[in-house]
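Remarks on the structure that follows.
As the structure is a prediction and not an experimental result, all values here were calculated from the model. Both ligands and their constituent atoms are indexed starting at 1 by order of listing.
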Amino acid sequence: MSLKYDLIIKNAAVIDGTGAKTYNADVAILDDKITAIGSLNEFESRRLIDASGFVLAPGFIDVHTHDDTNVIRTPNMLSKISQGVTSVIVGNCGISASPVTLGGDPPDPMNLLGGRQDFIYPTFKHYVAAVEQVQPRVNVAALVGHTALRSNHLKDIFQPASESEIAVMSEQLNQAMSQGALGLSSGLAYASAKQAPMAEVKALVKELAKHNGIYSTHMRTEFDAIIDAMNEAFETAEYGKVPLIISHLKCAGAGNWGRTTETLTLLEEKSKTQKVACDCYPYSASSSTLDLKQVTSDFDIYITWSDSEPDMAGKLLAEIAELWNLSLIDAAKRLQPAGAVYHGLHPDDVKRVLKYKHTMIGSDGLPNDPHPHPRLWGTFPRVLGFYSREEALFELPEAVHKMTGLSASEYHLANRGEIQIGNYADLVLFNAKTIRDKATFEDPIQKSLGIEKVWVNGQLSYHKGQITETRHGRFLRRVQQ
Ligand code: ZN
Ligand code: CU
């Protein structure tokens, strides 16, 4: 008998990523692909694993990350592979590592991706080459950030772009798209992009259509005027006739709690006439740079880092204000530039958004934060363990679909996200009874429990809490239509 396969995973409970029910099967891998599914008793393989009692699912796709420079600087990507993540999409929220040429320090919030020395990719091609050279542990696909383009070409990023500035941004976006970028992201809530009128973003989004690109947006606001911001996003994407993805859909701020019923109704209505989706992280706290506009006494704001007052990291803003005998806002000013976690979401809103049929899971983790929001290490096991198993928000196949098949289809990642013959063997084996996140707000850097094995492109990459010797991630270029 010849050895037809490199590996057979026997007796697994297969959740294939399509949303379909769990079924029992053996799954065979040859080289980097899934080559057989079914009862494979009569076949021999170089290696055999008995997966009885475990779920085999497609490797998870983290559609919302800020891992742009980390996939190169810390290529083992332990925070992600330890959750069963096999692909990350970088370049979200308007900020990307490429194409970027900085004149000085990176503007807020590009500083979330690293310091000046980390922005060394003047073209998208340079970035792809760097990823391919280091070969991270997970696959990488990338969006181009609107704020990154602005910082390259605008005389003043706190102003709208001029006609000629829009022209050079468009040209650079076109170039990046032809080099394999997935699309454009924007971060219109941040000061560095806030002055961009809808027309500026529309002009760029129009360029995406030529390339089968996607428009993903951290909207102009997630607070009271969220409906207006959503309508702006719909109109912008519709202008270019491109798919829209709303980033980390939420209703922020105490006055806004409960309104996801309204936002999801609007999203559902729009989904009948244009292609729309959103991503969401499974926590009722958000995190970013410390934004003076978000300073409030309505809920806890936790300072995760501060360049000017590093000793204050790890304290509540209210504590710091009291210590300095300042108002919250004056304390926040003194801490700048800084990072924060805002406990400003309602748990029921988080559930509603997670449950929505067009919602994908994206961590929005901030890998360069010394005390990161726990979403960086815990997002995927938390959806499976807490939201699916404990809260019964959805069945496991539906939860898995939101982090695999749905994500691959929305982002046009070919031959990934589903366990099908011919697809790449990005796989995760986990224990459905024990999987759970361990990362907490107090102690956020912790591997999750219940992830047994992870394969990337057919190669074992994580096993029982440890990374394997070699890395097998690839750069995933946009698929031409
Ligand atoms: Zn964002
Ligand atoms: Cu983000």
### Query
What residue among T65, N70, D62 forms side-chain hydrogen bond (donor to acceptor under 3.5 Å, both in side chains) with K80?
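Of all the options given, the one that passes is D62.
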
### Task
Have a look at E132 and tell me which of R477, K125, R474 forms a salt bridge (Lys or Arg N to Asp or Glu O under 4.0 Å) with it.
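Passing option: R477.
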
### Message
Test of geometry: compute the angle NE2(H64)-the Cu ion (ligand 2)-NE2(H66) and round it to 10°.
### Response
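H64 NE2 and H66 NE2 form an angle of 110° at the Cu ion (ligand 2).
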
### Query
Would you call the rings of F60 and F380 parallel, tilted or perpendicular if under 30° counts as parallel and over 60° as perpendicular?
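Judged by the thresholds at 30° and 60°, the geometry between F60 and F380 is parallel.
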
### Query
Do Q179 and Y127 get their side chains close enough for a donor-acceptor pair, meaning under 3.5 Å?
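Judged by distance alone, the side chains do not pair up.
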
### Message
Can a side-chain donor-acceptor contact be found between S96 and D68 if the only test is distance below 3.5 angstrom?
### Response
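Short answer, no.
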
### Message
For the Cu ion (ligand 2), give me the closest N/O/S atom belonging to D364, just the atom name.
### Response
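The atom in question is OD1.
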
### Message
Using the Zn ion (ligand 1) as the vertex, how large is the angle between SG of C93 and NE2 of H248, rounded to 10 degrees?
### Response
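It comes to 120°.
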
#### Entry: Of the N, O or S atoms in H218, the one nearest the Zn ion (ligand 1)
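Distance check against the Zn ion (ligand 1) picks out ND1 in H218.
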
### Task
Answer yes or no for H218: is there an N/O/S atom below the 2.8 Å cut-off from the Cu ion (ligand 2)?
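No, outside the cut-off.
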
